[in-house]
Asker: 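Here you go, one structure.
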Amino acid sequence: EDYHRIRLIRRDCYTQFLRELKKLTAARGRLLTVEIESGVEVPAELDVRMHLPLDWRRWIEEGIVDEVRLKWFTAESRFVHEQVLPVARRHGVPVHLISRCLHTGIDERATEMARLLSAGNVAAGFDGYNLYEQQNLMDMNPLGVQTLKGPVRPFFAEVRRALAEAAGAAVTDG
């Protein structure tokens, strides 16, 4: 019967940590972004991830976080559209989706997927789409030069085109 109380103690301690972190980031003119994985929709009295209920709603409502990134959710998530986005919108907090892990880099369908993942997510009401971990997109060669994994350059060119078209702006290859 202590599991639930322990989870609430962990939740409150983590929230207090974020409050203190917010003061530090704000004092330095930085934004505080939190990453929330799926599982936050599970009530704290149940078996939540790591026995740590992430109190995302409080963080947004109290102004603790400046931005939210959602990992393992999709643009079609009913929970996100019914719960997270309405709260975030009321408080002016941008919400981004995060891609799956791209540990082998962007694959041969990159250009095709770029349009769906960028403009599609913005059209679905999100403020952006983040690719999971920079190391998935580039490596450092033995000379210390950054090299891109796979078709990263055409992927981002297509992202720029898709977002420009969605915004009704002129499309450039910049």
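These figures come from a predicted structure and were not determined experimentally. Residue numbers start at 1 and run along the sequence shown.
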Asker: Is the shortest heavy-atom distance from the side chain of Thr15 to the side chain of Arg58 under 4.5 Å?
Answerer: yes
Asker: Do the side chains of Arg30 and Asp66 get close enough for a salt bridge, i.e. N-O under 4.0 angstrom?
Answerer: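 A salt bridge is absent here (no side-chain N lies under 4.0 Å from a carboxylate O).
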Asker: Would you say Arg57 and Val40 make side-chain contact, with heavy atoms under 4.5 Å?
Answerer: no
Asker: Quick one: does Glu165's side chain have a donor or acceptor within less than 3.5 Å of a partner on Leu163's backbone?
Answerer: no
Asker: Taking the side chain as everything from C-beta on, heavy atoms only, tell me whether Trp59 gets closer than 4.5 Å to Lys22.
Answerer: no
Asker: Going by heavy atoms in the side chains, are Phe155 and Leu137 under 4.5 Å from each other?
Answerer: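 No, side chains not in contact.
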Asker: Checking side-chain contact (heavy atoms from CB on, under 4.5 Å) between Val80 and each of Leu85, Val68, Thr74, which is the one that passes?
Answerer: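 Filter result, single survivor: Leu85.
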Asker: Hey, are Glu20 and Lys23 close enough for a salt bridge, meaning a charged N less than 4.0 Å from a carboxylate O?
Answerer: no
Asker: I want to check something: taking the side chain as every heavy atom from C-beta on, are Trp56 and Leu70 in contact at a cut-off of under 4.5 Å?
Answerer: no
Asker: For Phe73 and His96, I'd like to know if the aromatic rings sit close, meaning centre-to-centre distance below 6.0 Å.
Answerer: no
Asker: Apply salt bridge (charged side-chain N to carboxylate O under 4.0 Å, His left out) to the pair Glu35 and Arg69, showing each step before the final yes or no.
Answerer: CA-CA 5 Å; Glu35 182 176 299; Arg69 294 185 182 166; over 6 Å; no
Asker: Could you tell me whether a side-chain N or O of Arg115 sits under 3.5 Å from a main-chain N or O of Arg161, the two making a donor and an acceptor?
Answerer: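 Checked: no pair found.
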Asker: In terms of hydrophobic clusters joined by side-chain contacts under 4.5 Å, are Tyr129 and Leu31 together?
Answerer: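 No, it is not one cluster - the side chains of Tyr129 and Leu31 are not joined through contacts under 4.5 Å.
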Asker: Looking at Arg89 and Asp127, does any basic side-chain N land under 4.0 Å from a carboxylate oxygen?
Answerer: yes
Asker: Are Met138 and Leu148 packed together at the side-chain level, in the sense that at least one heavy-atom pair is separated by less than 4.5 angstrom?
Answerer: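 SC-SC contact between Met138 and Leu148 confirmed.
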Asker: Is it the case that more than 12 heavy atoms not belonging to Arg153 sit under 6.0 Å from its CZ atom?
Answerer: no
Asker: Would you indicate whether the side-chain heavy atoms of Gln16 and Asp12 approach each other to under 4.5 Å?
Answerer: no
